[in-house]
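Since the structure comes first, as structure tokens, the remarks are kept for the end.
Letters A, B, ... mirror the listed sequences (proteins, then strands); counts begin at 1.
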Protein chains: 2
Amino acid sequence: MKDSDFLINPIRISLVEDDEIIREGFSVLLNQTPKFNVVSTYGNCEDFLKNINNDKPQVVLMDIELPGMNGIEGIEKAKKINPKIQVIVVTVYENDDLVFKALCAGAGGYLTKNVPSQYLSDAIFEIINGGAPMSTNIARKVVASFQKNHHSPLSARETEVLELLAKGKSYSNIAEELFVEKETVRTHIKNIYWKLEVHSKAEALEKAKKEKYIS
Amino acid sequence: MKDSDFLINPIRISLVEDDEIIREGFSVLLNQTPKFNVVSTYGNCEDFLKNINNDKPQVVLMDIELPGMNGIEGIEKAKKINPKIQVIVVTVYENDDLVFKALCAGAGGYLTKNVPSQYLSDAIFEIINGGAPMSTNIARKVVASFQKNHHSPLSARETEVLELLAKGKSYSNIAEELFVEKETVRTHIKNIYWKLEVHSKAEALEKAKKEKYIS
DNA sequence: CCAATATCACCCACTTTGGGTGAGTAGCAA
DNA sequence: TTGCTACTCACCCAAAGTGGGTGATATTGG
């Protein structure tokens, strides 16, 4: 599909943003190009969800901090109504937790609000073309979330054991998989607990994941 | 830092790519701009790693499919030698497994090889500025990896229970957390096993993660 | 109304888990 | 050489966890 095709069938866009100034700004900005058709704008998720089947947006620009239902819930419900809807989060918040919650909820893009106006249009085209538009800092966060902490107190073997424990395997399972005795696995786990200063599987996994000793 | 600063201190770049044509092409292309300084090019990881402390590259463009050590291992070892090195994978492979293995190994960017030459330069600036340059399709894969399967056979409550089980919690832990009896948790788990056609925690978690019923 | 969901109970047997203590081997670095 | 760490294995114990079976009740949405 070429960009010019959108002149015949402009991309249907809804905006959910409680700040009226920003909302109208985005709306005017996007409507400047005939490739976009801002079909509706809302100040909260409730109204947006109520009209979603009428508006039939292809792309939604969604704020996170909203009166009433927050954007995360809004994304979840919107995706449940129509999984094909592409949601781009546009927010000032770049707190790690929010970013990952939004992506888990179904956001397909995430922009921090200081985006130059050109980026907005680019992002919309990108998500329509199967991409995942993200601000620089967000992309880095997302990629970093895959990477492990290089300053783990755990030895290679211990990390291996803990990784298998994280998959829900029992000591015996792990022993078989690593071709060692169950007693050896037990010793590794005792040492892991000692190093992480914990006294149970759940605590160890929580700490190890938080500190990114395991993925 | 402004782009113009790189005229005084050009960005030091190493290339690891076994196809000599591509390698030389990239090298010539990047050296066309005085902001870049391609300090070395290699056809395999072994040679690259041997000279890494001499070359002192800030950015490495790394192929995955290489004779001898593959790119994934290469990234791991390079990051172990100098964690500050920024690695951008440049490859034709966009197999899910490889993408995530590369990111876990420490890659900070991932481009599929049909990148227009302009993108290469942009990507290098982006990674130096704390971003994570990715091709459209790769970014989508990465974002999609956070999202759950909307066609889960599990009920909301069952998913909740399984999610806690994945954290290594015991039935009793889960019961407390959900304010129900342990017996109720046991029933949920029995139903989960039945639905997923498995007979143990490890099997259930494996299947549920593979099918993305839980994260 | 029926099916699915969520809740709880009691049976049983086996395994798992966490903690304690001790000990041998190997490799590496001061 | 002497430590240190890592990796391996063994045996003790008691409590808790796990998987499977069967049953029940209440609520809810299509």
Side-chain angles (χ1 to χ4, degrees), chain A residues 49 53 76-77 80-81 148-209 211 213-214, chain B residues 76-77 80-81 148-209 211 213-214:
Chain A
L49 291 169
N53 280 324
E76 255 166 23
K77 305 210 174 183
K80 210 165 272 178
I81 296 172
K148 288 183 195 162
N149 188 335
H150 286 288
H151 304 298
S152 171
L154 306 180
S155 73
R157 197 57 152 175
E158 286 162 356
T159 304
E160 210 171 348
V161 168
L162 195 55
E163 210 104 45
L164 291 171
L165 206 57
K167 290 186 179 170
K169 313 229 172 181
S170 68
Y171 295 2
S172 318
N173 290 160
I174 297 172
E176 282 176 44
E177 205 146 324
L178 299 182
F179 303 106
V180 295
E181 292 306 307
K182 181 162 70 169
E183 281 304 317
T184 305
V185 173
R186 275 167 47 67
T187 304
H188 283 312
I189 290 178
K190 286 174 197 172
N191 290 333
I192 292 169
Y193 287 5
W194 182 81
K195 285 183 178 178
L196 299 186
E197 299 173 284
V198 298
H199 301 280
S200 73
K201 194 185 350 180
E203 284 178 296
L205 292 178
E206 190 190 345
K207 181 149 191 176
K209 279 182 182 171
E211 305 288 340
Y213 301 147
I214 61 169
Chain B
E76 256 167 21
K77 306 211 173 183
K80 212 165 270 176
I81 296 172
K148 289 184 195 159
N149 189 335
H150 286 287
H151 304 300
S152 171
L154 306 179
S155 73
R157 197 56 153 176
E158 286 161 356
T159 304
E160 211 171 346
V161 168
L162 195 55
E163 210 105 45
L164 291 171
L165 207 57
K167 289 187 179 170
K169 314 229 171 180
S170 67
Y171 294 3
S172 316
N173 289 159
I174 299 172
E176 281 176 44
E177 205 146 322
L178 300 181
F179 303 105
V180 295
E181 292 306 307
K182 181 161 72 168
E183 280 306 316
T184 304
V185 173
R186 276 169 44 67
T187 304
H188 283 312
I189 290 178
K190 287 174 197 173
N191 290 333
I192 291 168
Y193 287 3
W194 181 81
K195 284 183 179 179
L196 299 186
E197 299 173 285
V198 298
H199 301 281
S200 73
K201 196 190 339 185
E203 285 178 294
L205 292 179
E206 190 190 346
K207 181 148 190 175
K209 280 182 181 169
E211 305 287 340
Y213 300 148
I214 60 170

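- Here the C1' atom of nucleotide D/dT8 and the CD atom of A/Glu160 are 14 Å apart, to the nearest Å.
- For C/dA6, one of the phosphate oxygens OP1 or OP2 lies less than 4.0 angstrom from a side-chain nitrogen or oxygen of B/Ser155.
- In this structure, A/Ser155 and A/Lys195 approach most closely via the heavy-atom pair N-NZ, 3.8 Å.
- Here A/His188 lies in heavy-atom contact (under 4.0 Å) with a base.
- Atom CD1 in A/Ile189 sits about 17 Å away from atom C1' in D/dA10, given to the nearest Å.
- Taking the nucleotide of DNA chain D with the nearest heavy atom to each of A/Asn191 and B/Arg186, the more 5' of the two is matched to A/Asn191.
- Projected onto DNA chain C by closest heavy-atom contact, A/Val198 and B/Thr184 fall at different nucleotides, the more 5' of which corresponds to B/Thr184.
- For the residue pair B/Glu203 and B/Ser200, a side-chain donor N or O sits within less than 3.5 Å of a side-chain acceptor on the partner.
- Taking each heavy atom of A/Lys169 and A/Leu164 in turn, the nearest pair found is CG-O, 3.2 Å.
- Across the interface with DNA chain C, nearest-nucleotide mapping of B/Pro153 and B/Phe179 shows B/Pro153 to be the residue nearer the 5′ end.
- Residue B/Glu183 is in base contact, counting any heavy-atom pair closer than 4.0 Å across all strands shown.
- A donor-acceptor contact under 3.5 angstrom links the side-chain atoms of B/Lys190 to the base of D/dG21.
- Within the 4.0 angstrom heavy-atom criterion, only backbone atoms of the sugar-phosphate kind lie near A/Ser200; the bases stay farther away.
- For A/Glu158 against D/dC7, no side-chain N or O and base N or O form a donor-acceptor pair under 3.5 Å.
- Considering only side-chain N and O atoms, B/Lys195 lies under 4.0 angstrom from the phosphate OP1 or OP2 of C/dT5.
- Expressed to the nearest 0.5 Å, how far CD1 of A/Ile192 lies from CZ of A/Arg157 amounts to 11.0 Å.
- At whole-Å resolution of the value, CG in B/Asn173 and C1' in D/dG17 are 10 Å apart.
- At the heavy-atom level, A/Lys201 lies under 4.0 Å from the strands shown only through sugar-phosphate atoms.
- Proximity of A/Arg157 to the phosphate of D/dT8: a side-chain N or O atom is located under 4.0 Å from OP1 or OP2.
- Distance, B/Tyr193 OH to D/dT18 P: 8 Å, rounded to whole Å.
- OP1 or OP2 of C/dC8 has not a single side-chain nitrogen or oxygen of B/Thr187 nearer than 4.0 Å.
- Crowding of B/His150 atom NE2: a count of heavy atoms from other residues, nucleotides or ligands under 6.0 Å exceeding 12.
- At whole-Å resolution of the value, CD1 in B/Ile192 and P in C/dT7 are 12 Å apart.
- Taking atom NE2 of residue B/His199 and atom P of nucleotide C/dT15, one finds them 17 Å apart after rounding to whole Å.
- Contact annotation for A/Ser170: backbone-only contact, meaning every heavy-atom pair under 4.0 Å involves sugar-phosphate atoms and none involves a base.
- Put simply, CG on B/Leu154 is 9 Å from P on C/dT5, counting in whole angstrom units.
- To the nearest angstrom, C1' of C/dA3 lies 12 Å from CH2 of B/Trp194.
- OP1 or OP2 of C/dT15 has not a single side-chain nitrogen or oxygen of A/Tyr171 nearer than 4.0 Å.
- Contact between B/Tyr213 and B/Leu196 at its shortest, heavy atoms only, is CE1-CD2, 3.7 Å.
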